[in-house]
Asks: 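I'd like to ask some things about the structure below.
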Amino acid sequence: MKGKMMRALQIVEPGRAEQVQLPMPEPGPGDVLLHVEAIATCPHWDRHIFEGRPMFAGMKLEYPYWPGQPGHEAIGRIQAAGKRVPEEVIGQRVAVWRDAGPYRNGLYATHGIVAHENTLKIPENLPAEKITSLELAMCVQVSVDQLKEIRAVKGKSIAVAGMGPAGLLALQLLRYAGAREVWAIDPEDKRRELALAMGADRAVDPSDPALPASRDTDHAFDAALDTTGLPVSIEALMNASKRAVAVFGVLREHVRFGPQHWYGGFSLLGYGEHNRRAAERALAAVLAGSLDLAPLISQCLPLSEYGRAVALLQSLEAIKILFDPSA
């Protein structure tokens, strides 16, 4: 690969991104070189980094930001492999199921280095829009699995707050896991309509009087999953759910757990750990036709239009944007 070059997106300062030329990287012993076929935005990551805001408390931001970051929801073809990776994987079409983290080059690029263990082989004929966001599906599956572990999914009534990308996947994965009834909660009309189209039994505004007023009512939810990370949302779910609330959304503030939550074995579940089993379950749901990632993709754009893509995310005109890095 010596002498060859590749292109990558780089956020050079808040609000400005450029395409840069970089030397083609060489895979380490356990890595593969991925020729990126498609990559999807991760709205919270993209908005935070493009706007100059840390994604997590204590996260250090410096600009120019790492080339290719914050791109991580990607599919592509393995072009080269490190010495500890079987040669037969070269040429495979794979999805990246785990983000390697922020302080290394990302995958908003024509090529990128990925740990081989962070990839899963995918069918050749599966359209990019149906599989590129597998990494997000894995992340949501982790929260679904947490509720499954305490027997709070199968045959249960569950609420999902926030109909962004994660919430739209959560309601499908909960249904696939055997939930009896799934409610979608979101203040945006269009997001509620999409939730209904993607399998929600009911989709309501957070102020809707149909929502349970207390954990003690007969129609209280058995459990809930929050994708917003907002205390007002989490606390409302805690007050309306008998068994548990799983918090998927990034939590940046304190949540009040009071006497009304102490009894009945109620659990407030912080986020779990990314793992390959969750990725494999999510992929199985895709291949079974029970998890549809395609409706998350609002537009397909060349990577050169990254700034426009973030603006669409900021205005809620788009749920996700799919990029072709080679365009």
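Position 1 is the first residue of the sequence, and the numbers go up from there.
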Asks: To the nearest 0.5 Å, what is the distance between CZ (Arg93) and CD1 (Ile75)?
Replies: 4.0 Å
Asks: Does any N or O in the side chain of Glu37 come within less than 3.5 Å of the main-chain N or O of Asp324, such that one atom is a donor and the other an acceptor?
Replies: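 Absent.
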Asks: Quick check: do Met6 and Pro25 have side-chain heavy atoms less than 4.5 Å from each other?
Replies: yes
Asks: Classify the ring geometry of Trp45 against His72: parallel below 30°, tilted from 30° to 60°, perpendicular beyond 60°.
Replies: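 Plane angle over 60°, so perpendicular.
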Asks: Using atom types as modelled and distance alone, determine if a side-chain donor or acceptor of Ser214 lies under 3.5 Å from a backbone N or O of Asp216.
Replies: yes
Asks: Test of understanding: with side-chain contact (heavy atoms from CB on, under 4.5 Å), list the residues that count as partners of Asn118, not counting sequence neighbours.
Replies: Trp97, Arg98, Val114, Ala115
Asks: Is any side-chain heavy atom of Tyr306 closer than 4.5 Å to a side-chain heavy atom of Ile321?
Replies: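 Not in contact.
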Asks: Test side chain to side chain contact (heavy atoms under 4.5 Å, CB included) on Gln79 and Ile90 and set out the steps.
Replies: CA-CA 6 Å; Gln79 190 166 312; Ile90 296 174; over 6 Å; no
Asks: Is there a side-chain contact between Leu293 and Leu169 (heavy atoms, below 4.5 Å)?
Replies: yes
Asks: Considering non-hydrogen atoms only, spot the tightest contact between Val142 and Asn275 and give its length.
Replies: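 Closest approach of Val142 to Asn275, heavy atoms only: CG2-ND2, 3.9 Å.
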Asks: Work out which heavy atom in Pro187 is nearest to a heavy atom in Asp205; give both atom names and the distance.
Replies: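 Heavy atoms of Pro187 and Asp205 come nearest at CA-OD2, 3.4 Å.
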Asks: Say whether Leu9 and Tyr63 are linked into one hydrophobic cluster, either directly or through other cluster members, by side-chain heavy-atom distances under 4.5 angstrom.
Replies: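 Yes, Leu9 connects to Tyr63 through the hydrophobic network.
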Asks: Would you call Glu193 and Arg191 a salt bridge, taking side-chain N to carboxylate O under 4.0 Å as the test?
Replies: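 Here Glu193 does not pair with Arg191 in a salt bridge, since their nearest N and O are not under 4.0 Å apart.
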Asks: Rounded to the nearest 0.5 Å, how far does SG of Cys42 lie from CZ of Arg47?
Replies: 12.0 Å
Asks: Grouping I, L, V, M, F, W and Y whenever their side-chain heavy atoms are under 4.5 Å apart, do Leu168 and Ile158 come out in a common cluster?
Replies: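 Shared cluster, yes.
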Asks: Apply side chain to side chain contact (heavy atoms under 4.5 Å, CB included) to the pair Leu322 and Gln299, showing each step before the final yes or no.
Replies: CA-CA 6 Å; Leu322 189 70; Gln299 289 191 45; over 6 Å; no
Asks: Gln69 side chain to Arg104 main-chain N or O, any donor-acceptor pair under 3.5 Å?
Replies: yes
Asks: Between the side chain of Ser298 and the main-chain N/O of Ile319, is any donor-acceptor distance below 3.5 Å?
Replies: yes
Asks: Counting only heavy atoms not in His44, do more than 12 sit closer than 6.0 Å to its NE2 atom?
Replies: no
Asks: Under a 4.5 Å cut-off applied to non-hydrogen side-chain atoms, are Leu211 and Val204 in contact?
Replies: yes
Asks: Decide side chain to side chain contact (heavy atoms under 4.5 Å, CB included) for Leu33 and Ile78; before the verdict, give the C-alpha distance in whole Å, the side-chain angles of both, and the deciding distance to 0.1 Å.
Replies: CA-CA 6 Å; Leu33 174 65; Ile78 295 175; over 6 Å; no
Asks: Any chance NZ of Lys242 has more than 12 other-residue heavy atoms, nucleotides or ligands included, within less than 6.0 Å?
Replies: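 Result for NZ/Lys242: enclosed.
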Asks: Please give me the minimum heavy-atom distance between Ala184 and Ala200, naming the atom from each residue.
Replies: CB-CB, 4.0 Å
Asks: Report whether Val36 and Met24 are members of the same hydrophobic cluster (ILVMFWY, side-chain heavy atoms less than 4.5 Å apart, transitive linking).
Replies: no
Asks: Is there a salt bridge (charged side-chain N to carboxylate O under 4.0 Å, His left out) between Asp222 and Arg215 once you walk through the steps?
Replies: CA-CA 9 Å; Asp222 291 303; Arg215 294 179 61 220; over 6 Å; no
Asks: Using a 4.5 Å cut-off on heavy atoms from C-beta on, say whether the side chain of Leu22 contacts that of Met5.
Replies: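 Met5 vs Leu22: side chains apart.
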Asks: For the residue pair His274 and Tyr271, does the interplanar ring angle fall in the parallel (under 30°), tilted (30 to 60°) or perpendicular (over 60°) class?
Replies: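 Plane angle over 60°, so perpendicular.
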Asks: A side-chain contact here means heavy atoms from C-beta on lying under 4.5 Å apart; do Ile185 and Pro206 qualify?
Replies: yes
Asks: With side chain to side chain contact (heavy atoms under 4.5 Å, CB included) as the criterion, how do Met238 and Val255 come out once you've worked through the C-alpha distance, each side chain's angles and the decisive distance to 0.1 Å?
Replies: CA-CA 10 Å; Met238 290 165 63; Val255 172; 3.6 Å; yes
Asks: Any side-chain donor-acceptor pair under 3.5 Å between Gln141 and Asp145?
Replies: yes
Asks: Treating Ser315 as the side-chain partner and Leu312 as the backbone partner, does any N or O pair qualify as donor plus acceptor under 3.5 Å?
Replies: yes
Asks: Count the heavy atoms of every other residue, nucleotide or ligand shown that sit under 6.0 Å from CD of Glu62, and state whether that count exceeds 12.
Replies: no
Asks: Work out which heavy atom in Arg308 is nearest to a heavy atom in Leu301; give both atom names and the distance.
Replies: NH1-CD2, 3.4 Å
Asks: Under 3.5 Å, side chain of Arg276 to main-chain N/O of Glu117, donor-acceptor pair present?
Replies: yes
Asks: Could you grab the distance from atom CD of Glu317 to atom NZ of Lys190, nearest 0.5 Å is fine?
Replies: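 If we round to the nearest 0.5 Å, Glu317:CD and Lys190:NZ are 8.0 Å apart.
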Asks: NE2/His254 to CD/Glu235 distance, rounded to the nearest 0.5 angstrom?
Replies: 12.0 Å
Asks: Surrounding CZ of Arg277 (heavy atoms of other residues, nucleotides or ligands, distance under 6.0 Å), is the total greater than 12?
Replies: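 At most 12 heavy atoms, drawn from other residues, nucleotides or ligands, come within 6.0 Å of this atom.
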Asks: How many angstroms lie between atom CZ of Arg256 and atom CD1 of Ile234, to the nearest 0.5 angstrom?
Replies: 12.0 Å
Asks: Gln19 and side chain to side chain contact (heavy atoms under 4.5 Å, CB included): which single residue from Pro325, Pro302, Ser304, Pro67 fits?
Replies: Ser304
Asks: Testing the basics here: between Thr110 and His35, what is the closest heavy-atom pair and its distance to 0.1 Å?
Replies: O-CD2, 3.2 Å
Asks: Below 30° counts as parallel, above 60° as perpendicular, anything between as tilted: where do the rings of Phe221 and Trp183 land?
Replies: perpendicular
Asks: Only counting residues at least two apart or in another chain, list the ones meeting side-chain contact (heavy atoms from CB on, under 4.5 Å) with Ala166.
Replies: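 Per chain and number, Ala166 pairs via side-chain contact (heavy atoms from CB on, under 4.5 Å) with Leu136, Val140, Thr227, Phe248.
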Asks: With distance as the sole test, does Asp31 use its side chain to make a donor-acceptor pair with the main-chain N or O of Gly28 at under 3.5 Å?
Replies: yes
Asks: Between Tyr108 and Leu61, is there shared hydrophobic-cluster membership here, with clusters defined by ILVMFWY side-chain heavy atoms closer than 4.5 Å?
Replies: yes
Asks: Quick one: are Leu268 and His261 in side-chain contact, heavy atoms under 4.5 Å?
Replies: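 Result no, sub-4.5 Å side-chain heavy-atom pair not found.
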Asks: Return yes if some donor-acceptor pair links the side-chain N/O of Arg180 with the main-chain N/O of Lys156 below 3.5 Å, else return no.
Replies: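 Checked: no pair found.
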Asks: Please examine the side chains of Pro54 and His48, heavy atoms only from C-beta on, and report whether any two atoms are closer than 4.5 Å.
Replies: no
Asks: Does Asp208 pair with Arg192 as a salt bridge, N-O distance under 4.0 Å?
Replies: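 Not counted as a salt bridge, because no side-chain N and carboxylate O are separated by less than 4.0 Å.
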Asks: Tell me whether Arg77 contacts the main-chain N or O of Gly91 through its side chain, where contact means a donor paired with an acceptor under 3.5 Å.
Replies: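 Yes: the side chain of Arg77 pairs with the backbone of Gly91.
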Asks: From Cys139 SG over to Glu73 CD, what is the distance, rounded to the nearest 0.5 angstrom?
Replies: 7.5 Å
Asks: For Gly229 versus Asp226, what's the shortest heavy-atom pair and its separation?
Replies: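 The answer is N-OD2, 2.7 Å.
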Asks: Do Val20 and Tyr65 sit in one hydrophobic cluster, given that two such residues count as connected whenever their side-chain heavy atoms are within less than 4.5 Å of each other, even indirectly?
Replies: no
Asks: Would you confirm whether Tyr103, through its side chain, and Lys60, through its main-chain N or O, come within 3.5 Å as a donor-acceptor pair?
Replies: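 The answer is yes, because a donor-acceptor pair under 3.5 Å joins these two groups.
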